[in-house]
Colleague: 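My questions all concern the structure below.
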Number of protein chains: 2
Amino acid sequence: MSDADFDLTQFLPYLLNQAAEASSLEFQKIYKDRYGMLRTEWRVLFHLGLYGRMTASEIGARANMHKTKISRAVQRLAERRFVTRSRDDADRRVEHLALTAQGQAAYADLHQVAQRYDDELTAGLGPAERAALKKMLVALSAKFPAGFT
Amino acid sequence: MSDADFDLTQFLPYLLNQAAEASSLEFQKIYKDRYGMLRTEWRVLFHLGLYGRMTASEIGARANMHKTKISRAVQRLAERRFVTRSRDDADRRVEHLALTAQGQAAYADLHQVAQRYDDELTAGLGPAERAALKKMLVALSAKFPAGFT
DNA sequence: TTGTAATAGTTGTTTTTGTAACTAACAAGC
DNA sequence: GCTTGTTAGTTACAAAAACAACTATTACAA
């Protein structure tokens, strides 16, 4: 029944999922408890916090997130007054999103948590290893060129 | 608006999620198209294929999967005649799961695909890097000791 | 025994996600 | 002007996941 040399726990997609899930838990607890946010929502929040005002499509392209996810995340974030939406005058299909003061505050808080948390997660690694790990992960993410519409 | 030294795309939970999602896509396509399976289902299948007959709880403990997920995965796998369930005589709460011939065949096929796919994913890395990557991922997965019930 | 707690697994209900179809606005060709 | 095609974003419906409550069985202690 067992196979010569295949170890499920070494299968990269499996391993990545496990690591992703495990490493997201603690952070999730925080954005959920403090702000009632979902994963899609903190991501949108972070994009706006980091890169400033942008449109849903731009966020989608950067985050590799489907537009319906973003639409719903923005809706909830707007309801809770974390972001504002404003129509573009030139092209009235597009909507510019930006953080409110409250959104900025939440972002500042979570951003700081994230940074600390990231340090904590990679505490066991030397700087070189840490960089190597992230580089490999970026490469893996890029391998499949985001076939999203 | 932008922050001195925080890069979202370098935030480990984010990065891991991106990599996990990206690297799962191709494999997902295969188990879905060929066998109509969900992620939970191929995982159960692999556990049985790899470790032989075992119970739902054992799978849950190993795979860090909630019991309801497993219950439903097993249900579907049993309906489609990939696994059989048999009650334990000594303790009639527990059920032993095992692959049918059909289940074995599916496992053999997918197992081989997985192996190839894993090689492909890590093709750009040397053996040492590959090992280091996996080791770090295992460590990250283990960091949070599976608070599941 | 019998009463309480624990364990294996299932079922029901609610959230979230995925997928596809849709509206509204623009663009370009004719 | 009118088609036809494209893009931004939303909405509706189906699939999947999360969470909580449940049944059945065993364990164990008074």
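Throughout, a chain's letter reflects where its sequence line sits, starting with A, and its residues are numbered from 1. Only this structure's heavy atoms are used, side chains among them; waters, hydrogens and symmetry mates stay out.
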Colleague: Answer with base, sugar-phosphate or nothing: what part of the nucleic acid does A/Ile70 contact at a heavy-atom distance below 4.0 Å?
Modeller: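 A/Ile70: no heavy atom of the nucleic acid under 4.0 Å.
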
Colleague: Between A/Lys69 and C/dT16, is there a side-chain N or O to OP1/OP2 distance below 4.0 Å?
Modeller: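 Checking C/dT16 against A/Lys69, no side-chain N or O comes under 4.0 Å of OP1 or OP2.
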
Colleague: For D/dG9, take OP1 and OP2 only and decide whether either is under 4.0 Å from a side-chain N or O of A/Ser57.
Modeller: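 True: A/Ser57 side-chain N/O within range (under 4.0 Å) of D/dG9 OP1/OP2.
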
Colleague: C/dA8, OP1 or OP2 - any side-chain N/O from B/Lys67 closer than 4.0 Å?
Modeller: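 So the side-chain polar atoms of B/Lys67 never come under 4.0 Å of the phosphate oxygens OP1 or OP2 of C/dA8.
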
Colleague: Here's a test of your reading of the structure: between A/Thr40 and A/Asp91, which maps to the more 5' nucleotide of DNA chain C?
Modeller: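 Closer to the 5' end of DNA chain C: A/Thr40.
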
Colleague: Please classify the nucleic acid contact of B/Thr68 as base, sugar-phosphate, or nothing, using heavy-atom distances under 4.0 Å.
Modeller: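 Result for B/Thr68 = base.
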
Colleague: At less than 3.5 Å, do the side-chain atoms of A/Arg72 and the base atoms of D/dG9 form a donor-acceptor pair?
Modeller: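 By the distance-only test, no, there is no pair.
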
Colleague: Would you tell me if any nitrogen or oxygen in the side chain of A/Ser71 comes within less than 4.0 Å of OP1 or OP2 on D/dT10?
Modeller: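 So the side-chain polar atoms of A/Ser71 do come within 4.0 Å of the phosphate oxygens OP1 or OP2 of D/dT10, strictly under.
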
Colleague: Quickly, which of A/Arg53, A/Arg87, A/Arg85 forms a side-chain contact (heavy atoms from CB on, under 4.5 Å) with A/His96? Name it, please.
Modeller: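 The residue from A/Arg53, A/Arg87, A/Arg85 that satisfies side-chain contact (heavy atoms from CB on, under 4.5 Å) with A/His96 turns out to be A/Arg53.
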
Colleague: Rounded to whole Å, how long is the line connecting atom CD of A/Glu41 with atom C1' of C/dT17?
Modeller: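 So the two atoms are 13 Å apart, to the nearest Å.
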
Colleague: Please state whether the phosphate of D/dG9, meaning OP1 or OP2, lies under 4.0 angstrom from any side-chain nitrogen or oxygen of A/Gln75.
Modeller: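 For A/Gln75, the contact criterion (side-chain N or O under 4.0 Å from OP1 or OP2 of D/dG9) is not met.
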
Colleague: Test side chain to side chain contact (heavy atoms under 4.5 Å, CB included) on B/Met54 and B/Leu48 and set out the steps.
Modeller: CA-CA 7 Å; B/Met54 60 199 299; B/Leu48 294 172; 3.7 Å; yes

Colleague: To the nearest 0.5 Å, tell me how far B/Gln18 CD sits from A/Leu137 CG.
Modeller: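 B/Gln18 CD to A/Leu137 CG: 11.0 Å, rounded to 0.5 Å.
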
Colleague: For B/Tyr14 and A/Phe46, I'd like to know if the aromatic rings sit close, meaning centre-to-centre distance below 6.0 Å.
Modeller: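 No, ring centres 6.0 Å or more apart.
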
Colleague: What is the distance, to the nearest angstrom, from the CG atom on A/Asp89 to the P atom on C/dA25?
Modeller: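 Atom CG in A/Asp89 sits about 14 Å away from atom P in C/dA25.
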
Colleague: Just N and O in the side chain of B/Arg93: are any of them under 4.0 Å from OP1 or OP2 of C/dG9?
Modeller: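 For C/dG9, OP1/OP2 do not have a side-chain N/O of B/Arg93 under 4.0 Å.
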
Colleague: Base, sugar-phosphate alone, or nothing: which one does A/Arg87 contact when heavy atoms must sit under 4.0 Å apart?
Modeller: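 Result for A/Arg87 = nothing.
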
Colleague: For A/Arg39, answer base if it contacts any base atom (sugar-phosphate contacts may also be present), sugar-phosphate if it contacts only those atoms, and nothing otherwise; contact means non-hydrogen atoms under 4.0 Å.
Modeller: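 Nothing, no heavy atom under 4.0 Å.
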
Colleague: Would you mind reading off the distance between B/Gln28 atom CD and D/dA17 atom C1', rounded to a whole angstrom?
Modeller: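 Rounding to the nearest Å, CD of B/Gln28 and C1' of D/dA17 are 14 Å apart.
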
Colleague: Please state how far atom CE in A/Met65 lies from atom C1' in C/dG18, giving the value in whole angstrom units.
Modeller: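 Going from CE in A/Met65 over to C1' in C/dG18 covers 13 Å.
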
Colleague: Could you give the CD1-to-P distance, from A/Ile59 to D/dT10, as a whole number of Å?
Modeller: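 From A/Ile59 CD1 to D/dT10 P: 11 Å.
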
Colleague: Would you indicate what B/Ala73 reaches in the nucleic acid, counting non-hydrogen atoms under 4.0 angstrom: base, sugar-phosphate, or nothing?
Modeller: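 It contacts nothing in the nucleic acid.
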
Colleague: What about B/Phe27 and B/Trp42, are their ring centers closer than 6.0 Å?
Modeller: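 Centroid separation for B/Phe27 and B/Trp42: below 6.0 Å.
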
Colleague: Picking from C/dT10, D/dA8, C/dA25, which would you name as closest to the side chain of A/Arg92?
Modeller: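 In terms of side-chain proximity for A/Arg92, the closest of C/dT10, D/dA8, C/dA25 is C/dA25.
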
Colleague: C/dA24 C1' sits how many Å from A/Glu95 CD, rounded?
Modeller: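 Answer to the nearest Å: 12 Å.
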
Colleague: Find the distance B/Met54:CE to C/dG9:C1' and express it as a whole number of Å.
Modeller: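 Going from B/Met54 (CE) to C/dG9 (C1'), I get 15 Å.
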
